[in-house]
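Reading through the structure tokens given below for one structure.
When reading the values below, keep in mind they use all heavy atoms of this one structure, side chains included, and skip hydrogens, waters and symmetry mates.
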Amino acid sequence: MIDIHTHILYGVDDGSKSLEESLAMLKGMEESGVKVVFLTPHVARKRGYYDIPIFKERFNEIKKAAQSQGLKIKLCLGSEVDESDNLFEDLDQAPNMNGTNVYMVDFGMRKTNIEEIVYESLVKGIPIIVAHPERYFYVDFEMLKAIKKAGALFQVSAPHLIKLGNKDAQKLAQKLLKEDLIDFIGSDTHHQHNDLSVMKKAYKYVVKKKGKDVADKLFYMNAKALMCDYDD
């Protein structure tokens, strides 16, 4: 499995607080079958998560430490950018998804026209992964279909597929799965006390509901397309 949404990069947002916690998270994820993990810290000016210059340095530190501990899990750098009036400026500063032209954006901070922003982004040559669209309080299923039609890529959070978290989010996540509107499944894990086997559990759920081919696509093949240098 490839997990494209985590907050393992320590000390930069509301995720991991230390190198030790980051390594514990990686170990737990590796033990549950995750082969590749994207470290996607928040880029959010209003929330004070904007220490972008240290992202690469800290990423390399974690990568080196993981290798020294014998972990085989592969690390990629990305980010999760808050939608704001400065979105395109922030996208210009934030790490893209593993050196591609793809960015992941959280549209949940305020009510906005996601469909229009996705279209504008594509005009600029920037494909957008919409982070956990099932969580947005102002978006219903018909709106989600319109956003997807506009060209968005959808990353649904694994916990919502196995009935963890908000019930409305669970309902939307499961409906998105039923209607084949999901592109990626990610854990969105923040801390070592989170269930680090959530991707494995969600994978089994998708196999049960949609079959192994669909599960492999959502948990592996689509994410592998963001990793032209990955040889499994």
Side-chain angles (χ1 to χ4, degrees), residues 1-9 15-16 22-42 55-56 59-60 62-63 66-67 70-81 94-106 127-134 152-162 164 173 176-177 180-192 194-232:
M1 292 178 290
I2 299 174
D3 188 347
I4 73 161
H5 188 171
T6 73
H7 295 274
I8 292 174
L9 198 73
S16 174
S22 296
L23 293 173
M25 294 166 75
L26 291 173
K27 182 179 180 181
M29 295 175 79
E30 180 174 283
E31 289 174 348
S32 74
V34 176
K35 302 297 185 183
V36 183
V37 61
F38 281 66
L39 279 58
T40 54
H42 290 293
F55 284 4
K56 187 68 174 180
F59 172 79
N60 287 331
I62 294 172
K63 187 175 181 180
Q67 291 172 343
L71 297 179
K72 303 299 184 184
I73 194 167
K74 180 178 175 62
L75 307 185
C76 298
L77 183 62
S79 59
E80 179 187 11
V81 184
N96 52 29
M97 299 297 282
N98 192 48
T100 64
N101 64 332
V102 182
Y103 289 83
M104 184 162 62
V105 178
D106 184 348
I128 293 293
I129 298 173
V130 178
H132 41 63
E134 74 276 11
L153 300 168
F154 281 174
Q155 173 267 307
V156 163
S157 292
H160 293 142
L161 290 174
I162 57 172
L164 294 176
L176 287 168
L177 176 65
D180 298 315
L181 296 176
I182 301 175
D183 297 286
F184 310 98
I185 307 293
S187 68
D188 195 14
T189 189
H190 278 64
H191 303 289
Q192 71 180 96
N194 293 147
D195 183 352
L196 299 176
S197 65
V198 70
M199 289 285 283
K200 182 178 181 180
K201 293 174 181 176
Y203 176 86
K204 290 180 178 179
Y205 174 85
V206 175
V207 169
K208 181 180 178 180
K209 295 293 184 180
K210 301 291 290 188
K212 188 177 185 300
D213 287 347
V214 171
D216 288 345
K217 179 180 176 183
L218 303 187
F219 286 83
Y220 178 69
M221 294 305 298
N222 286 352
K224 189 181 177 184
L226 299 173
M227 303 175 57
C228 58
D229 60 339
Y230 181 52
D231 183 8
D232 59 354

Looking only at non-hydrogen atoms, find the nearest pair between [X] and [Y] and report the distance.
| X | Y | result |
| --- | --- | --- |
| Asp183 | Leu153 | OD2-CA, 3.2 Å |
| His191 | Ser16 | ND1-N, 4.4 Å |
| Gly78 | Pro41 | O-CD, 3.5 Å |
| Ala94 | Val81 | CB-CG2, 3.7 Å |
| Leu176 | Val156 | CD1-CG2, 3.9 Å |
| Met104 | Ala131 | CG-CB, 3.8 Å |

Exercise. Does His7 have any ring pair (Phe, Tyr, Trp, His ring centres under 6.0 Å) partners at least two apart in sequence or in another chain, and if so, which?
Worked result: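 Result, ring pair (Phe, Tyr, Trp, His ring centres under 6.0 Å) vs His7: His5, His42, His190.
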Taking the side chain as everything from C-beta on, heavy atoms only, tell me whether [X] gets closer than 4.5 Å to [Y].
| X | Y | answer |
| --- | --- | --- |
| Leu218 | Leu177 | yes |
| Leu196 | Ser32 | no |
| Thr40 | Met97 | yes |

For this session: Return yes if a side-chain donor-acceptor contact under 3.5 Å exists between Ser197 and Asp195, otherwise no.
Result: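 Side-chain D/A pair, Ser197 to Asp195: present.
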Problem set entry | Contacts of Ala24 that satisfy side-chain contact (heavy atoms from CB on, under 4.5 Å) - sequence neighbours left out |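 For Ala24, the residues satisfying side-chain contact (heavy atoms from CB on, under 4.5 Å) (neighbours in sequence not counted) are Gln192.
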Exercise. Among all residues two or more places apart in sequence or in another chain, which pass the side-chain contact (heavy atoms from CB on, under 4.5 Å) test with Lys63?
Worked result: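 Result, side-chain contact (heavy atoms from CB on, under 4.5 Å) vs Lys63: Phe59, Gln67, Leu75.
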Exercise. Among all residues two or more places apart in sequence or in another chain, which pass the salt bridge (charged side-chain N to carboxylate O under 4.0 Å, His left out) test with Asp188?
Worked result: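 So Asp188 forms a salt bridge (charged side-chain N to carboxylate O under 4.0 Å, His left out) with Arg135.
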N/O donor to acceptor pairs below 3.5 angstrom from side-chain atoms of residues 203-210, sequence neighbours left out:
residue : atom : partner : partner atom : Å
Tyr203  : OH   : Asp216  : OD1          : 2.7
Lys210  : NZ   : Lys178  : O            : 3.2
Lys210  : NZ   : Asp180  : OD1          : 3.0

Quick one: does any side-chain atom of [X] pair with a main-chain N or O of [Y] as donor and acceptor, under 3.5 Å?
| X | Y | value |
| --- | --- | --- |
| Ser157 | His132 | no |
| Glu80 | Asp106 | no |
| Thr189 | Thr6 | no |
| Ser22 | Leu9 | no |

Problem set entry | Any pair counted as salt bridge (Lys or Arg N to Asp or Glu O under 4.0 Å), so long as it reaches residues 94-103, sequence neighbours left out |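 Salt bridge (Lys or Arg N to Asp or Glu O under 4.0 Å) check on residues 94-103 returns no pairs.
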For this session: Supply the atom-to-atom distance Ile73 CD1 to Met29 CE, rounded to the nearest 0.5 angstrom.
Result: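 One finds 5.5 Å between CD1 of Ile73 and CE of Met29.
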For this session: Any chance you could measure Ile4, atom CD1, to Phe38, atom CZ, to the nearest 0.5 Å?
Result: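 It is 7.0 Å, given to the nearest 0.5 Å.
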